[in-house]
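Just below is one structure, and these are the notes that go with it.
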Amino acid sequence: MDLLAGLNEPQREAVLHVSGPLLIFAGAGSGKTRTLTHRVANLILHHRVPAGRILAVTFTNKAAREMRERLNQLVGAEANRIWMGTFHAMCAQMLRIHGHLIGLDPRFVIFDTDDSTRLMKEILRDADIDSDRYPAPRMLARISDAKNNLQSPDDLQSVAGSPYHRVVARVFKMYQERLKAAHALDFDDLLGEAVRLVTESEWAREHWSERFLHVMIDEFQDVNQAQLAWAKALASKHRNICVVGDDDQSIYKWRGADVKIILDFEKQYSDAHIIRLEQNYRSTQNILDAAHGVISNNFGRKAKRLWTQTQGGERIVLNGAANAQEEAAWVVRQIELLQREQHLKLSDFAILCRVNAQSRPFEEAFMRARVPLKLVGTQRFYDRKEIKDLVSYLKVLYNPNDNIALGRIINVPARGIGATTIEKLGMIARESGLSLRDVILNCGQEVLGRAINMKLEPLRRILITLQTDAENARSVVELLDKVLDRTNYYEFLRGDRTGNGNDRVANVEEFMSAASVFDSRMQDEDFGFSDESRDPESPMEGPPYLGLFLESSALESGTESGATGEDATVLMTLHSAKGLEFPIVFMPGMEQGLLPHSRALWGEQSGPDELEEERRLCYVGLTRAQQRIYLSYATQRTLHGRTESTQPSQFIDELPPQLIDRSGFARVGASSVSSYATTWESSGSSSSSRSAFAPAAAPRSSEPPRYRVGERLKHPTFGEGVVVNASPSGGAGEWVEVAFLSQDAGKKKLAVAFAPLEKVE
DNA sequence: ATGCACGTACTTTTT
DNA sequence: GTACGTGCAT
């Protein structure tokens, strides 16, 4: 197979590079994945490197999956033997195998952010620390920073120069102690402990660094010190470390990413070979020039410039709107126009926002226009309460020391065990050194008192029965079924008075089917890289792979559900757009305070570095576009319930002026529209803000309709919605069709005479 | 112990 | 404008 076919010169150079450190600057749309996969294929096919001795690390599961899939096409099933996955998954893997060398329980559980927050709150409460001055999330952020920099509580303690920092250090210490007691690692610990493994255990370092003939790191601009240390240790023996990234796309500083790491790679490895991939296969030259105009204002970036063979292209359309509603209406109109002109699918359009809060006006405008819009990356599957509950039951069964998981389900479904009781149980547990579970199961009336003891009885029965169930279950689904059954979980959900009962049942069902997919994968496949992970020495109770299931539910955010398959325009944040591409990109909210964000502009922690990161965010957005970019700003915006005047983004001024198309301004209000004009709506519109939806002089009965298309209203069960259609008013048969904001309520036709509808301003 | 009402605060979120 | 956390009343 010719692995070089269709590759450009620097790409070929990268593919052919075999030994020694290699740094690839891969610009947006420069064919990075192609280059990487071909390089790995070359190692395997032409240099006889056993796949099992290659480590390829990514930040996301998605990236890892994509890469594995493409490698499968190149080298076949052999690709499954490559150690490929996220930093966290790879670290977890190693720790399951050798964690015992540094004193870890091989059955450790992984705490996600929610678990960590619960634990932190518990600590603050127990230690009587004022959670207003020391909020749990901020404590966790400081701790995360420390861990990303491989600092221990003692390290923090010794450099603490203020009472605040001393509290942080103290809290950090307690946090680690409790994690340890729960046999748990948080996300950052996975990395930190993996680093500790290869530094403290000479044997482990020898083993793993010998094993990996090649180490590849993707998105290297986003690595932190812990990740760097880990990668360096693993590559220490053979020194075949290949890192790929783009400093211009580093947008995760707030998560510990340190751009300097990629910029200083040459200092770490003085013999590093450097390759720049600057030919772009995604965008028009105009788009690249516009993006370059912006990014070139950053200092200390690696000099480079994307170019493409597709010369010219459309100019960047710029629009100024009166407010966010007008802005959204403008976007819908452009999409409708473009879609008619070109033959584009709705999914060819993406709306990229700085913050999630920008999405509301778009949801409304799209609903009015009846153009499907899909919000991407808003709520993650495993973050849902009902899913967390079920996972917590499994966690408790798997690891009896996981007090946080037990704490979550101790009163779910409600069984009369309240905060006071839980507090008391926790006290006893800590004082006696027992796990919460042992206190509940093994302490009697003498210790707990009569009332509590009695209230605990049903929970005890459930836990004990489930323990037996876990030992007998042959699959995760089977065990989950038992959990649902023993806890009466469905009944509990149906009793949900907030009206989300049905959604939640649906979520549980979706979770069950995910579990069943996992089951079948485990049962008939030799799952990838983990030949060592199945340790016959440590028999597990319940499904042998329950631990793996828990791990994947902690490490896979769960590509959000609701994949309806319907063609829809997507809306997402700039952050989640990284790595994606779209023919047409809209970037609304090009304002001072939004992009660049106020926190970077005039907040406490504002500064040149923060502004540069905002600029990179802008750059990431611009370079997502293949054909056209539409930028817009609103001159007034309501944020946090306060309407304020805004200034256009400074980044607009950084665009080469000749590449900006301002004709959009002229069109505002003038463009006649549109498919959402219905019976009594005219297509004319003035410049007033409600103009596009105002009633017209068109056919209209003597009485004006009570509900007009475009109007917002509220229904006690379905929530808020927008009128998308209505019958002529008057008479018993009058109806309105309402698109409700809640995804699941959807569209409903309601009889005006009967439905308890309320207008909303 | 649970439910409601009020006050406050609030980017981004790969794992 | 909402979502969450605290505090009070049931």
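Just so we're on the same page: letters track the sequence lines, and every chain starts at 1. If you're wondering where the values come from, they're calculated on a predicted model, not measured in any experiment.
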A:T113 side chain near B:dT15 phosphate (N/O to OP1/OP2, under 4.0 Å): no

Side-chain (A:R624) to main-chain (A:E581) donor-acceptor, under 3.5 angstrom: no

Counterpart residues, ring pair (Phe, Tyr, Trp, His ring centres under 6.0 Å), relative to A:F651 (two or more places apart): none

Partners passing side chain to side chain contact (heavy atoms under 4.5 Å, CB included) against A:R450 (at least two apart in sequence or in another chain): A:Q445, A:M454

Contacts under 3.5 Å, N or O only, protein and nucleotides 2-10 of chain C:
{"from": "C:dG5", "atom 1": "OP1", "to": "A:K121", "atom 2": "NZ", "distance (Å)": "3.3"}

d(CD, A:E423; P, B:dA1) in whole Å: 12 Å

Sugar-phosphate, base or nothing in reach of A:D188, heavy atoms under 4.0 Å: nothing

A:Y175: partners by ring pair (Phe, Tyr, Trp, His ring centres under 6.0 Å), with sequence neighbours left out: none

With sequence neighbours excluded, residues passing side chain to side chain contact (heavy atoms under 4.5 Å, CB included) with A:D402: A:V109, A:F111, A:K395, A:N399, A:I404, A:A405

Sugar-phosphate, base or nothing in reach of A:T58, heavy atoms under 4.0 Å: nothing

Protein-nucleotide distance (A:H88, atom NE2; B:dT15, atom P), rounded to Å: 9 Å

All ring pair (Phe, Tyr, Trp, His ring centres under 6.0 Å) counterparts of A:H575, not counting sequence neighbours: A:Y252, A:W254

Non-neighbouring partners of A:D128 that pass side chain to side chain contact (heavy atoms under 4.5 Å, CB included), sequence neighbours left out: none

Residues which pass side chain to side chain contact (heavy atoms under 4.5 Å, CB included) with A:R460, listed by chain and number, not counting sequence neighbours: A:I440, A:L441, A:L448, A:N453, A:L456, A:E457

Atom P, compared across B:dT13 and C:dC4: separation rounded to whole Å: 16 Å

Chi-based syn or anti call at B:dT11, which uses purine or pyrimidine torsion atoms and a 90° bound: syn

Rounded interatomic separation in angstrom, taking CD from A:Q325 and C1' from C:dG1: 12 Å

Sugar-phosphate, base or nothing in reach of A:S598, heavy atoms under 4.0 Å: nothing

Reading 5' to 3' through nucleotides 8-14 of chain B, protein heavy-atom contacts under 4.0 Å coded B for base, S for sugar-phosphate only, - for none: --BBBBB

Partner of A:R616 under side-chain contact (heavy atoms from CB on, under 4.5 Å), chosen from A:V259, A:V294, A:D247: A:V259

Separation between the C1' atoms of C:dT6 and B:dT11, rounded to whole Å: 25 Å

